[in-house]
Amino acid sequence: MTEPDIARVEARIRASFAKQGLMRTLGATLTAVLPGQVEISLVPRNEVSQQHGFVHAGAVSAIADSAAGYAALSLMPPDRGVLTAEFKINLLAPAAGEHIMARGKVIKAGRTLTLAQAEVVAERDGKERLIALLTATLMAIEGKDGIVD
């Protein structure tokens, strides 16, 4: 991809992310966008915690799903939207730290289906710990009312 293409991809992903009410509610931010790769960050706070004070698995799953989905969308043609068809998440450790980051990347992009993964890490004292791994199948949507970036 050329630099103008990469800039268009990033602008597209950022504009779509800005429309997500859940990401706004969680306080998640889009911290990196490259073709086939997206990073979403979340600062832990009481509003996204579970009973033991860790970030709730629902919040971890949500940022991981969005990171994988946007990584997939970043490689799709401009006339397509993206929807998650399925995902599986392995929660490997409690989500505790100064930042929680979901790093989505495309494993295999197809015309209709894309396989992507998201590694979720917790950062504490400058060190990262893998806390979750999500694998997702994402579907390119074309020509459906209401399904746009």
Side-chain angles (χ1 to χ4, degrees), residues 1 6-78 80-110 112-141 144 146-149:
M1 277 189 179
I6 293 170
R8 274 192 290 278
V9 165
E10 182 171 359
R12 175 187 187 191
I13 300 305
R14 289 192 180 281
S16 179
F17 185 85
K19 297 177 192 176
Q20 282 210 13
L22 180 60
M23 293 297 108
R24 194 168 34 260
T25 298
L26 294 174
T29 57
L30 189 59
T31 51
V33 178
L34 292 168
Q37 298 179 30
V38 167
E39 181 180 88
I40 296 173
S41 181
L42 176 70
V43 175
R45 57 190 217 289
N46 285 340
E47 294 82 0
V48 296
S49 68
Q50 46 85 291
Q51 71 275 16
H52 302 296
F54 305 124
V55 174
H56 195 284
V60 171
S61 297
I63 65 170
D65 175 43
S66 288
Y70 280 123
L73 182 65
S74 74
L75 297 180
M76 291 180 184
R80 307 264 167 82
V82 67
L83 287 176
T84 301
E86 69 83 33
F87 73 75
K88 176 192 185 308
I89 189 163
N90 293 96
L91 303 167
L92 307 171
E98 296 148 6
H99 287 91
I100 307 297
M101 288 156 305
R103 295 184 179 123
K105 66 178 180 179
V106 170
I107 303 301
K108 182 178 185 311
T112 304
L113 297 177
T114 296
L115 179 67
Q117 288 187 325
E119 290 186 349
V120 185
V121 298
E123 181 187 295
R124 179 175 296 194
D125 298 325
K127 295 180 182 174
E128 292 184 357
R129 179 180 185 196
L130 183 65
I131 61 166
L133 179 65
L134 174 137
T135 302
T137 304
L138 303 124
M139 182 171 35
I141 304 294
K144 299 277 185 184
I147 308 286
V148 293
D149 295 345

**Student:** Once salt bridge (charged side-chain N to carboxylate O under 4.0 Å, His left out) is applied, what residue pairs with a partner in residues 83-106 remain, sequence neighbours excluded?
**Tutor:** Glu39-Arg103, Arg103-Glu128
**Student:** So how far is it from Thr114 OG1 to Met76 CE, rounded to the nearest 0.5 Å?
**Tutor:** 4.0 Å
**Student:** Measuring only between side-chain heavy atoms, which start at C-beta, is Leu134 closer than 4.5 Å to Val120?
**Tutor:** no
**Student:** In chain order, what residues pass the side chain to side chain contact (heavy atoms under 4.5 Å, CB included) check against Ala85, with sequence neighbours excluded?
**Tutor:** Thr137
**Student:** Looking at Val82 and Gly69, what are the two nearest heavy atoms and their distance?
**Tutor:** CG1-O, 3.9 Å
**Student:** I need the full list of side-chain hydrogen bond (donor to acceptor under 3.5 Å, both in side chains) pairs touching residues 47-61, with sequence neighbours left out, sorted by first then second residue.
**Tutor:** Arg45-Glu47
**Student:** Rounded to the nearest 0.5 Å, what's the gap from CZ on Phe17 to OG1 on Thr29? Could you check?
**Tutor:** 6.5 Å
**Student:** As an exercise, state the distance from NE2 of His99 to CG of Leu42, rounded to the nearest 0.5 Å.
**Tutor:** 9.0 Å
**Student:** Rounded to the nearest 0.5 Å, how far does CD1 of Ile131 lie from CG of Asn90?
**Tutor:** 12.5 Å
**Student:** So Leu75 and Pro35, do their side chains get closer than 4.5 Å, heavy atoms only?
**Tutor:** yes
**Student:** Using the test side chain to side chain contact (heavy atoms under 4.5 Å, CB included), find all partners of Arg8 that sit at least two apart in sequence or belong to another chain.
**Tutor:** Pro4, Asp5
**Student:** Might you point out which heavy atoms bring Ala64 and Ala118 nearest each other, and give the distance in Å?
**Tutor:** O-CB, 3.5 Å
**Student:** What's the shortest heavy-atom distance between Ala71 and Ser74, and which atoms?
**Tutor:** O-OG, 2.6 Å
**Student:** State, with a plain yes or no, whether a side-chain heavy atom of Ile100 is found less than 4.5 Å away from one of Pro44.
**Tutor:** yes
**Student:** Where is the tightest heavy-atom contact between Ala67 and Ile40, given as atom of each residue plus distance?
**Tutor:** N-CD1, 3.5 Å
**Student:** Which atom names give the shortest non-hydrogen contact between Leu138 and Ala68, and what distance separates them?
**Tutor:** CD1-O, 3.7 Å
**Student:** Ala62: which residues meet the side chain to side chain contact (heavy atoms under 4.5 Å, CB included) condition with it, sequence neighbours left out?
**Tutor:** Leu22, Met23, Leu26
**Student:** Going by salt bridge (Lys or Arg N to Asp or Glu O under 4.0 Å), name the residues that satisfy it together with Glu10, two or more places apart in sequence or in a different chain.
**Tutor:** Arg14
**Student:** At what distance, to the nearest 0.5 angstrom, does OG of Ser66 lie from CG of Leu73?
**Tutor:** 11.0 Å
**Student:** Out of curiosity, Thr112 OG1 to Ile141 CD1, how far, rounded to the nearest 0.5 Å?
**Tutor:** 9.0 Å
**Student:** Please determine which of Gln20, Gln37, Arg12 meets the side chain to side chain donor-acceptor pair (under 3.5 Å) test together with Tyr70.
**Tutor:** Gln20
**Student:** How would you list all residue pairs meeting salt bridge (charged side-chain N to carboxylate O under 4.0 Å, His left out) that involve residues 60-75, not counting sequence neighbours?
**Tutor:** none
**Student:** Can you give me the closest heavy-atom contact between Val60 and Ile89, atom names plus distance?
**Tutor:** CG1-CD1, 4.4 Å
**Student:** Tell me, please, which residues at least two apart from Arg129 pass salt bridge (Lys or Arg N to Asp or Glu O under 4.0 Å).
**Tutor:** none
